[in-house]
Participant: 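Here it is, the structure in full.
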Amino acid sequence: MAWLVLFVCTGNTCRSPMAEALVRAALPPGSPWRVASAGLAACRGAPASDGAVAALAEVGCDLRVHRSRPIDEREVREAAAIIALSADHAQQLAALFPASRDRIHLLSAFNPGFAADADVADP
């Protein structure tokens, strides 16, 4: 069984796909974890932003094949953890999917160098 970590931002063209790609690259082969990303206001099929593609290319991750997609209720139900990139995203997710509240976290909460409620700014 694979456990899902779902990263969520607004448009799914910059922050959440970058987080998805970085975590995917960090997972060891055979990991039981899988990662995905989606947007609360995403249109389907938009490419990752040029800045996101360039930034991740610098660390060996390729976002050129990424295509944006809106949040999916089924995937939210399946996610072991839903990682919001801002407090606003977390609030929207909790309002849309109240049964998932206990699995919604801010990305900054996992970094001891940042305030637990800090947003990841949209570049």
Side-chain angles (χ1 to χ4, degrees):
M1 173 181 163
W3 296 304
L4 173 64
V5 176
L6 178 62
F7 293 95
V8 180
C9 68
T10 304
N12 192 226
T13 60
C14 190
R15 293 175 285 179
S16 61
M18 290 176 74
E20 173 190 4
L22 290 168
V23 170
R24 180 175 288 120
L27 290 173
S31 171
W33 291 94
R34 63 185 177 96
V35 292
S37 65
L40 286 161
C43 61
R44 188 170 300 283
S49 72
D50 291 341
V53 171
L56 284 195
E58 291 180 15
V59 295
C61 292
D62 187 358
L63 270 186
R64 292 175 298 173
V65 298
H66 174 79
R67 294 297 176 262
S68 64
R69 60 193 190 84
I71 192 87
D72 176 270
E73 185 175 350
R74 177 195 52 78
E75 203 165 46
V76 168
R77 279 193 315 267
E78 292 176 3
I82 304 159
I83 311 300
L85 281 285
S86 76
D88 185 53
H89 298 136
Q91 291 168 354
Q92 289 179 55
L93 286 162
L96 289 168
F97 309 104
S100 301
R101 277 184 194 270
D102 62 331
R103 293 178 285 122
I104 299 169
H105 310 278
L106 279 175
L107 181 62
S108 59
F110 297 95
N111 187 336
F114 288 93
D117 61 351
D119 292 346
V120 174
D122 194 2

Participant: Check this for me: Asp72, atom CG, are more than 12 non-hydrogen atoms of other residues, nucleotides or ligands nearer than 6.0 Å?
Facilitator: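 Enclosed: over 12 neighbouring heavy atoms sit under 6.0 Å from CG of Asp72.
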Participant: Given 3.5 Å as the limit, does a donor-acceptor pair link the side chain of Ser68 with the main chain of Cys43, or not?
Facilitator: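 Yes; judged by distance alone, with no hydrogens or angles, the pair exists.
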Participant: Count I, L, V, M, F, W, Y as connected when their side-chain heavy atoms are under 4.5 Å apart, and connections chain through other members. Are Trp33 and Ile83 then in the same cluster?
Facilitator: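 They do share one cluster, since a chain of ILVMFWY contacts under 4.5 Å joins Trp33 to Ile83.
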Participant: Would you indicate whether the side-chain heavy atoms of Ser100 and Arg77 approach each other to under 4.5 Å?
Facilitator: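 No, too far: nothing below the 4.5 Å cut-off.
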Participant: Check whether Leu6 and Ile104 end up in the same hydrophobic cluster, where Ile, Leu, Val, Met, Phe, Trp and Tyr are linked by side-chain heavy atoms less than 4.5 Å apart.
Facilitator: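 Yes, one cluster joins them.
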Participant: Do Ile71 and Leu93 touch side chain to side chain, with heavy atoms closer than 4.5 Å?
Facilitator: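 Yes - at least one pair of side-chain heavy atoms lies under 4.5 Å apart.
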Participant: In the structure I gave you, are the side-chain heavy atoms of Ser108 and Val120 within less than 4.5 Å of one another anywhere?
Facilitator: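 The answer is no; the side chains never approach within 4.5 Å.
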Participant: Hydrophobic clustering (ILVMFWY, side-chain heavy atoms < 4.5 Å, transitive) - are Val23 and Trp3 grouped together?
Facilitator: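 Trp3 and Val23: one cluster.
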Participant: Taking all non-hydrogen atoms of both residues into account, name the closest pair between His105 and Ala81 and its distance.
Facilitator: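 Answer, listing the atom of His105 first, then Ala81: CD2-CB, 4.5 Å.
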Participant: Hey, what else clusters with Val53 if you join Ile, Leu, Val, Met, Phe, Trp, Tyr whenever side-chain heavy atoms sit under 4.5 Å?
Facilitator: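 Members besides Val53, by chain and number: Met18, Leu22, Leu56, Val59, Leu63.
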Participant: Nearest 0.5 angstrom please: Ser49 OG to Arg15 CZ, how far?
Facilitator: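 Spacing of OG (Ser49) from CZ (Arg15) equals 10.5 Å.
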Participant: Identify the heavy atoms of Phe7 and Val35 that sit nearest to each other, and give their distance.
Facilitator: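 For Phe7 versus Val35, the nearest heavy atoms are CE1-CG1, 4.3 Å.
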Participant: Leu106 and Ala87: which non-hydrogen atoms are nearest, and at how many Å?
Facilitator: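 Closest heavy-atom pair between Leu106 and Ala87: CD2-N, 3.4 Å.
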Participant: Whether the side chain of His89 engages the backbone of Thr10 through a donor-acceptor N/O pair (distance < 3.5 Å, no angle test) should be reported.
Facilitator: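 It does hold such a pair.
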Participant: Linking I/L/V/M/F/W/Y whenever any side-chain heavy atoms sit under 4.5 Å apart, do Phe110 and Leu27 land together?
Facilitator: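 In one cluster with Phe110: Leu27, yes.
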Participant: When you measure from the side chain of Arg103 to the backbone of Glu78, do you find a donor-acceptor pair of N or O atoms at a distance under 3.5 Å?
Facilitator: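 Not a single qualifying donor-acceptor pair exists.
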Participant: Got a donor-acceptor contact below 3.5 angstrom from the His66 side chain to the Cys14 backbone?
Facilitator: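 Pair absent, no side-chain N/O of His66 close to backbone of Cys14.
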Participant: Report yes or no: does Arg69 contribute a side-chain atom to a donor-acceptor pair with the main-chain N or O of Ser37 at less than 3.5 Å?
Facilitator: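 Yes.
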Participant: Quick one: do Leu40 and Ile82 end up in the same hydrophobic cluster if we chain Ile, Leu, Val, Met, Phe, Trp and Tyr together by side-chain heavy atoms under 4.5 Å apart?
Facilitator: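 Per the 4.5 Å side-chain linkage, Leu40 and Ile82 are co-clustered.
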Participant: Between Ala21 and Cys61, which heavy-atom pair has the shortest distance, and what is it?
Facilitator: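 Minimum heavy-atom contact is O-SG, 4.0 Å.
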Participant: Taking all heavy atoms of Cys9 and all of Ser16, pick out the closest pair and write down the distance.
Facilitator: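 Looks like SG-OG, 3.1 Å.
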Participant: Search all heavy atoms of Gly45 against all heavy atoms of Arg67 and return the closest pair with its distance.
Facilitator: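 That would be O-CD, 3.1 Å.
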